[in-house]
Amino acid sequence: MREEKISIDDRLTASQFGIKKSHRILKRPEFVFLSKYGNKIQDSNFIILYVPRESIEGSEHSRLGITVSKRVGNAVLRNRLKRLIREYFRLNKKGLTGYWNLNIIAKKTAAALSSQEVFTSLGMLFGKLRR
RNA sequence: UGGUGCGGUCCAAACGAUCGUCGGGUUAAUUUUUAUUAAUCCGGAGGAAAGUCCGAACACCGCAGGGCAGGGUGCUCCAUAACCUGGAGUCACGGCAACGUGAAGGAAAGUGCAACAGAGAGCAGACCGCCCGGCACUCAACUCAGAAUUUAUUCGUCUGGUUGAUUGGAAUGACAACUUGUGAGUUGAGUGCCGGGUAAGGGUGAAACGGUGCGGUAAGAGCGCACCAGUUUCCCGGGUGACCGGGGAAGCUAUGUAAACCCCACCCGGUGCAAGACCAAAUAGGGGAGUGCUUGAGGGCGGCCCGUCCAAGCUCCCGGGUAGGUCGCAAGAGAUGACGGGUAACCGUCAUACAUAAGAUGAAUGAUCGUUGUCCGGUCCGGGGUAACCCGAAUCGGAAACAGAAUUCGGCUUACUGGCCGCACCGACCG
RNA sequence: GUCCCCAUCGUCUAGCCUGGCCCAGGACACCGGCCUUUCACGCCGGCGACAGGGGUUCGAAUCCCCUUGGGGACG
């Protein structure tokens, strides 16, 4: 039930790697919209729901939401996963073609992964998204 | 030197580089304000932040006062804002000991329960056993003819066998003697039944109505006595008190369970920051005012017209309130240090710092790389030792826990890594 | 975050308040046997649980405390 997210808004002018608060998805209605109308790709550790940004309004950045349910683990583990996902998005959002609203959902199996494994897993999913 | 008990304290790997995150200060830009962005500086998780098990602060609702119901607490004194908390003690239990554990008031206020086993389980009980009496049977030993009184009468004189004498036709009858016991009696022992006494012994149970000894008795019993234990009560001494020590008296016994109901004493109104206060979009709906007219939507009064009322619609205003936002929300029952009081928990005084120094809200402290240190294991080298082993160094591999502030404090409980310090106890060896 | 509730065989449950007859009963499932040419049905038998740890009591699934694991309510 309880999920957490981070969004990004990126003007790309000064800092290319930062995540402002406006670059994140924070409101429940937006998450509900994504889960209802978004497209879905996934592997064994993560699910990504996405909607092209152009179809909404003309902002020039992607926005990120993160969902880690309580079933994944305790608070320390959930916070760690969220940080890793945020870190990956921060460093790799430039590689995306176009602008998207994303919701990255961690599955239960993600709890056991090391940071390197999280990055490779997300890298493959971002590769799929690029196509 | 081995084993053990108790307490205190520190860290929660460190440093650097790059890229990032939240809050605050300053400056600049944009901007009516709010705010946004950039630069820079400062600050940014824990001892348990956890579980949410207690207690409070705070907020709203309720409330004259008292009681009932319900819930909580339960040895004493002290500490505290308060406590199911802490400190110092008391008592009980466990441990050789240091020490640990304890919801530890009341069972002679009442009610309930105590399975199974056992004779009997709560003002108990007689199964075996022990003792007394009666009846029956068995065995053994002894006795079987005299006894009573009016001295001469009365009553009694078993069974079988042998012999004798007597009567008679005939003795097996009667009489006498001897003998015998299958009869009778007495005594003793045993067995069974009946009636009674007894709680010392046996056995059951978690628990059996004080323990040991002597006396006592038919056998026994606090029935009596001595000592011990326990109960109630009185006195003396010590202690604020729980309680401890000593002495006397009574009665002769009272089981356990109150984390069973209950009684007694003390405490407790409810809800919880998603409390609560404020600002407030869109949509729908509510209230008020106006309009509803010349081309009269609709309806009521009316047969119709006029008139009048209701009213859709339209315009304006008001209040409640959802999304969302702001506050509550970080300077306090506080922290550190010194001094003083107290055995201690803790308290008092003074000083200092907090640029108001975590303050998030789909929720901030992270990622990557490098260097160094700690611990464990393997290999190898050096030193010490008879040896087990110990110390130092190199190298390879591995490990570094439990866990993330959510209104704030005081506790409790649970999870868990490494190190340091202090005190105490038991054992072995050496001197 | 705050506040509540629950936990018994593989599954669904009874027993708990009022402790003992309970090494815990029932149904379905599973295993074995009988029946049948065989399977199913039926019959007989078996296996199988008190979430964990302490405490109270002579005795605990039941009473008390702690922990663990599930579930729910509140914007």
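So that the names make sense, note that chain A is the first sequence line, chain B the second, and so on, each numbered from 1.
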- Item | Sugar-phosphate, base or nothing in reach of A/L77, heavy atoms under 4.0 Å | nothing
- Item | Partner nucleotide of B/A282 by Watson-Crick or wobble geometry (both distances under 3.5 Å) | none
- Distance between the C1' atoms of B/A259 and B/U407, in whole angstroms? 37 Å
- Nearest of B/A367, B/G366, B/A403 to any side-chain atom of A/V76? B/A403
- side chain to side chain contact (heavy atoms under 4.5 Å, CB included) against A/S114, all qualifying residues, sequence neighbours excluded: A/Q116, A/E117
- If the P atom of C/G69 is compared with that of B/C244, how far apart are they to the nearest Å? 48 Å
- Query: Going by heavy atoms in the side chains, are A/E87 and A/L91 under 4.5 Å from each other?
  - Reply: yes
- Task: Scan A/L102, A/I104, A/T67 and name whichever one has a side-chain contact (heavy atoms from CB on, under 4.5 Å) with A/I85.
- Result: A/I104
- Rounded C1' spacing from B/A98 to B/A424 in Å: 6 Å
- Item | Residue whose nearest RNA chain B nucleotide is more 5′ - A/S115 or A/L91 | A/L91
- When rounded to the nearest Å, what value does the distance between P atoms of B/A360 and B/U408 take? 12 Å
- With rounding to whole Å, what would you report as the distance between B/G410 and B/A48 at their C1' atoms? 16 Å
- Message: Tell me if the side-chain of A/E87 makes a donor-acceptor pair with the base of B/G20, cut-off 3.5 Å, by modelled atom types.
- Response: no
- Message: Would you say that A/F119 contacts A/N92 through its side chain, given a criterion of any heavy-atom pair below 4.5 Å between the two side chains?
- Response: no
- By side-chain hydrogen bond (donor to acceptor under 3.5 Å, both in side chains), which residues pair with A/K107, not counting sequence neighbours? A/Q42
- Message: With rounding to the closest Å, how many angstrom separate the P atoms on B/G237 and B/G427?
- Response: 45 Å
- Message: Treating A/S44 as the side-chain partner and A/T109 as the backbone partner, does any N or O pair qualify as donor plus acceptor under 3.5 Å?
- Response: no
- Item | RNA chain C stem ranges, 3 or more consecutive Watson-Crick or G-U pairs under 3.5 angstrom | C:1-7 with C:68-74, C:10-13 with C:25-28, C:30-34 with C:42-46, C:51-55 with C:63-67
- Item | Set of side chain to side chain contact (heavy atoms under 4.5 Å, CB included) partners for A/D43, sequence neighbours left out | A/N45, A/F46, A/S121, A/L125
- Base paired to B/C423 (Watson-Crick or G-U; both N/O distances under 3.5 angstrom): B/G5
- Could you please name the option among B/G404, B/A367, B/G20 that lies closest to any side-chain atom of A/A75? B/G404
